[in-house]
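First comes the structure, then the notes that go with it.
Below, chain A is the first sequence line, B the second, and so on; all start at residue 1. These values consider heavy atoms only, across backbone and side chains, with no hydrogens, waters or symmetry-generated copies.
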Number of protein chains: 2
Amino acid sequence: MTLTELRYIVALAQEGNFSRAAEFCSVSQPTLSVAIARLEDEFGVQLFERGKGFVSPSAVGHKVVEQAKRALGEAEKVRQVAMLGRDQLEGPLRLGVIHTIGPYLLPQLIHSLKVVAPAMPLAIEENMTATLADMLHDNEVDVVIIALPFDVPGVLTRAIYDESFKVVVPRGHPWESREWIAPEDVAGDEVLLLKAGNCFRDQVLGACPQVSSPETDVRLGHSIGTIRCMVASGLGVSVLPDSALGHPYSNDMISVIPFKEPAPARRVALAWRPGFVRPKAIEALLDAVRGLRSPAYRLLV
Amino acid sequence: MTLTELRYIVALAQEGNFSRAAEFCSVSQPTLSVAIARLEDEFGVQLFERGKGFVSPSAVGHKVVEQAKRALGEAEKVRQVAMLGRDQLEGPLRLGVIHTIGPYLLPQLIHSLKVVAPAMPLAIEENMTATLADMLHDNEVDVVIIALPFDVPGVLTRAIYDESFKVVVPRGHPWESREWIAPEDVAGDEVLLLKAGNCFRDQVLGACPQVSSPETDVRLGHSIGTIRCMVASGLGVSVLPDSALGHPYSNDMISVIPFKEPAPARRVALAWRPGFVRPKAIEALLDAVRGLRSPAYRLLV
DNA sequence: TCTTACTATAGGGAATAGCTATAGTCGCTA
DNA sequence: TAGCGACTATAGCTATTCCCTATAGTAAGA
């Protein structure tokens, strides 16, 4: 049984005549004749009654033809479903992003993406780097935005921008009047950090080796927002990425002081599986990155 | 697009691996590989993402596969409708049956069925009720034998027999000399049960409310056979269906004691889709049930 | 670096679906 | 009843398709 044979029996039932049915199917009459006979032989049932001057479906044949129409309809839908999916920029893209990037980058990125891929909404998964690596590998997200290094075997990465770190102190802090601060100056235990697992925490510890890894929970924040509040309330100072400090996140309880050049920074990248079937979606994301306007992002694309 | 190609993509989605999918379809791996590529080319869409160690449908591919399943199902119905015009008692019947019935009922049932429908072999799928419900719905089996209640929308059921529960104790157990046992007597944590998911477990818990739902794995068996062995080894007592206790399953390590009348029982039924094209096959099954001779089955047909 | 597991490609052979030509069948008409 | 017209079935051939084996390519793990 083939789809072609099903088309033949439907046509024959419709035309009531081998020759016309053959013409309808754009094949020769013997072709159709043989195909019908073959199908009847396969089923072991006579589907059509050949009378004088007419061909009409048998009782079984009638039911078979009706069912064949349904089957052909469903088969045609397969093609339609496939055709609908041809545009790689249509349909949701599953994007993973780390906590210290998502809330600051995504509002702008989504805005920018709407221009280049208006029919591609983002399904966003915010999590930590290690979890996102697993999700990428397990095909639970399509693309992730993380800070380098991101050494996951079998994954492609592309750096999209660099972002400086800045020192954040409460209003009235002795450092407030300084023009810059050297990484070595950031030291001791009044430095507030993210909890373990956040890659940004490790980057700060790498950039400022004098910072002691804290023992108490008091100095650890769950998110950059929390850290900001803790700084504002006078608990200590901290180091935060540039993008987390811009409008509308500024307030007048904290002061932001740049590092001495070359300032510590992190490199942010896209990552995806090499076999990902929508490369144009990646390109669209890169285009959207190119559309970013904030000076916090030193674009690499 | 051909039906064969649709079968290939369904198999590939199911197996997640070209080689296994090819084996499943009884073709060589290159054949399947080429066919998939051809179909993707025809549709102009990548249906599968080839990664290292995995092959998974793309977003489009997933939808296409789902639709392909429907199309294949309808196409298969064409064949079934055609077969309906032949002898409905010819050709394999796909029968699903739960674990706690299959091994005990089927040997007799098949024997009995050979008389009324010698040309209708059974393709047997043994599984748990919930899985069988899905398989029935998805047209992966034609008929199932389960214990009531079986409330699946769009499915017809017909009770075929009742079957009592009996208490099983190891030789030497204090209950061995009793003529009967009340359901309330079966209590505490020395009662061995099937693991969760088996409907018979829930029926026992319903019939004997004093049985505590066990916390440890020690008291849980994978099958009735396992439970019998655990009872025989002295781990505890249990409640089993009558049919699982007859010859040739008896041994002299356990004793079987009936419940006090009215003994707890389960009602076993056939279930099938209302549109199933071989109603005579159902009738033949019922006839086969009527031919059962074991006293464990209190026939309802 | 070698091995292993997997997918893609190449090339050839068998099956098949299509074609044209023609035979067979039935009813009608001369 | 012979011939004709309208139709379907059969025969014989060809081009295509389908599937096979063998092998190359590739990435990950030992």
Side-chain angles (χ1 to χ4, degrees), chain A residues 1-43 45-58 61 68 72 75 133-134 136-139 150-157 271-277, chain B residues 1-43 45-58 61:
Chain A
M1 178 179 55
T2 69
L3 288 174
T4 307
E5 287 165 350
L6 296 187
R7 275 188 277 271
Y8 289 168
I9 62 172
V10 170
L12 182 55
Q14 213 162 54
E15 301 291 333
N17 173 303
F18 277 75
S19 307
R20 280 200 302 278
E23 190 179 3
F24 181 85
C25 296
S26 309
V27 295
S28 70
Q29 170 265 313
T31 295
L32 193 127
S33 203
V34 167
I36 301 283
R38 182 174 53 232
L39 198 60
E40 287 181 326
D41 186 54
E42 177 181 342
F43 288 165
V45 176
Q46 188 147 351
L47 299 174
F48 292 92
E49 181 181 339
R50 283 87 157 160
K52 27 212 148 286
F54 72 92
V55 175
S56 72
S58 66
L72 288 171
D134 288 342
L136 188 62
H137 179 268
D138 297 345
N139 193 10
F150 186 66
D151 292 322
V152 179
V155 158
L156 297 178
T157 61
W272 64 95
R273 297 179 299 278
F276 180 49
V277 295
Chain B
M1 176 179 58
T2 68
L3 288 175
T4 306
E5 285 165 349
L6 296 187
R7 274 187 277 271
Y8 288 169
I9 61 172
V10 170
L12 182 55
Q14 208 164 57
E15 300 291 333
N17 174 303
F18 278 75
S19 308
R20 279 199 303 277
E23 189 179 4
F24 182 85
C25 296
S26 307
V27 296
S28 71
Q29 170 266 313
T31 295
L32 192 126
S33 203
V34 168
I36 301 281
R38 184 175 52 232
L39 197 61
E40 287 181 328
D41 188 54
E42 178 183 339
F43 288 164
V45 178
Q46 190 154 356
L47 299 175
F48 292 91
E49 178 176 334
R50 284 87 156 160
K52 36 228 127 274
F54 74 94
V55 174
S56 71
S58 64

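- Exactly one residue among Leu39(A), Thr2(A), Ile36(A) makes a side chain to side chain contact (heavy atoms under 4.5 Å, CB included) with Tyr8(A). That residue is Ile36(A).
- Residues from residues 14-30 of chain B lying near DNA chain D, meaning a heavy-atom separation below 4.0 Å, are Ser26(B), Val27(B), Ser28(B), Pro30(B) in numerical order.
- Here dT16(C) presents its C1' atom at 17 Å from CE of Met1(A), a figure rounded to the nearest Å.
- Using a 4.0 Å cut-off, some side-chain N or O of Tyr8(A) falls inside it from OP1 or OP2 of dG18(C).
- Rounding to whole angstrom units, CG of residue Leu32(A) and P of dA9(D) are separated by 10 Å.
- Judged by distance alone, the side chain of Arg7(B) and the main-chain N or O of Cys25(B) form no donor-acceptor pair under 3.5 Å.
- Residue Ser33(A) places its side chain closer to dA9(D) than to any other of dC19(D), dG18(C), dA9(D).
- Arg38(A) and Glu5(A) get closest at one heavy-atom pair: NE-OE2, 2.8 Å.
- Spacing between atom CG of Leu3(A) and atom C1' of dT16(C) amounts to 16 Å, rounded to whole angstrom units.
- Judged purely by atom type and a 3.5 angstrom limit, Gln46(B) has no side-chain atom pairing as donor or acceptor with the backbone of Glu40(B).
- For the pair Glu49(B) CD and dT7(C) P, the computed distance is 13 Å after rounding to whole Å.
- Counting heavy atoms of neighbouring residues, nucleotides and ligands inside a 6.0 Å radius, atom CD of Glu15(A) exceeds 12 of them.
- The residue among Val155(A) and Thr2(B) whose nearest nucleotide of DNA chain D is located toward the 5' end is Thr2(B).
- An OP1 or OP2 oxygen of dC18(D) is reached within less than 4.0 angstrom by a side-chain nitrogen or oxygen of Arg38(B).
- Distance CG (Asp41(B)) to P (dT17(D)): 13 Å, rounded to an integer number of Å.
- Protein atom CG of Leu39(A) is 14 Å distant from nucleotide atom P of dT16(C), rounded to whole Å.
- Rounded to whole angstrom, the span from the CD1 atom of Ile36(B) across to the C1' atom of dC18(D) amounts to 15 Å.
- Atom CH2 of Trp272(A) sits about 7.0 Å away from atom OG1 of Thr157(A), to the nearest 0.5 Å.
- Counting to the nearest Å, the C1' atom of dC19(D) and the CD atom of Glu5(B) are 13 Å from each other.
- Between the side chain of Ser19(A) and the backbone N or O of Gln29(A) there is no donor-acceptor pair closer than 3.5 Å.
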